[in-house]
Amino acid sequence: MAPAAKTVTAQTATVGGGVKLGVLGDAAANQGLAVPTGTWATVGAGSLLLGGMGHLTRSRGLSADNIVGAELVLPDGSIRQLGPDSQGE
């Protein structure tokens, strides 16, 4: 079973590990939304943390500009929650 976007509601998507941009884009499109991601559907959604230039970049900014939070697993196994209330820029 391929990973899927967990939820897409009210202009926010929750995405699990291994989700590809094409799956995320399809899930958003099913809700009448678009995701400002890169143009390669086979790239993992985790690449959004690095930038992400696509067709909506001029009007919506880089993909990374639209991330509202993330849960990262560090090499030592610890988990960090990142977001506007938990971590500065």
Side-chain angles (χ1 to χ4, degrees):
M1 178 186 222
K6 292 182 181 177
T7 58
V8 177
T9 58
Q11 300 185 11
T12 302
T14 301
V15 181
V19 173
K20 306 277 191 226
L21 293 182
V23 172
L24 177 58
D26 289 346
N30 288 338
Q31 300 292 323
L33 302 170
V35 183
T37 63
T39 56
W40 293 96
T42 57
V43 174
S47 67
L48 300 179
L49 296 172
L50 303 173
M53 291 187 68
H55 299 294
L56 296 174
T57 299
R58 285 182 179 235
S59 63
R60 302 291 180 227
L62 294 172
S63 299
D65 296 335
N66 291 281
I67 295 175
V68 295
E71 179 179 271
L72 298 179
V73 179
L74 301 176
D76 65 2
S78 62
I79 298 174
R80 256 176 119 179
Q81 299 291 333
L82 305 175
D85 298 329
S86 64
Q87 190 75 16
E89 269 194 59

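Residue numbers run from 1 in the order of the sequence given. These figures come from a predicted structure and were not determined experimentally.
- When all heavy atoms of Gly25 and Val35 are compared, the pair lying nearest together is CA-CG2, 4.4 Å.
- Interatomic distance, Thr12 OG1 to Ile67 CD1, rounded to the nearest 0.5 Å: 12.5 Å.
- Note: Thr39 OG1 to Leu56 CG = 11.0 Å, rounded to the nearest 0.5 Å.
- Across Ser78 and Asp76, no two heavy atoms sit closer than the pair OG-OD1, 2.6 Å.
- Here the side chain of Asn66 pairs no donor or acceptor atom with the backbone of Pro36 at under 3.5 angstrom.
- Residues meeting the side-chain contact (heavy atoms from CB on, under 4.5 Å) test with Thr42, sequence neighbours left out: none.
- Scanning all heavy atoms of the two residues, the minimum distance from Leu72 to Leu82 falls at CD1-CD1, 3.2 Å.
- From Asp26, atom CG reaches atom CG of Leu21 across 11.0 Å, with rounding to the nearest 0.5 Å.
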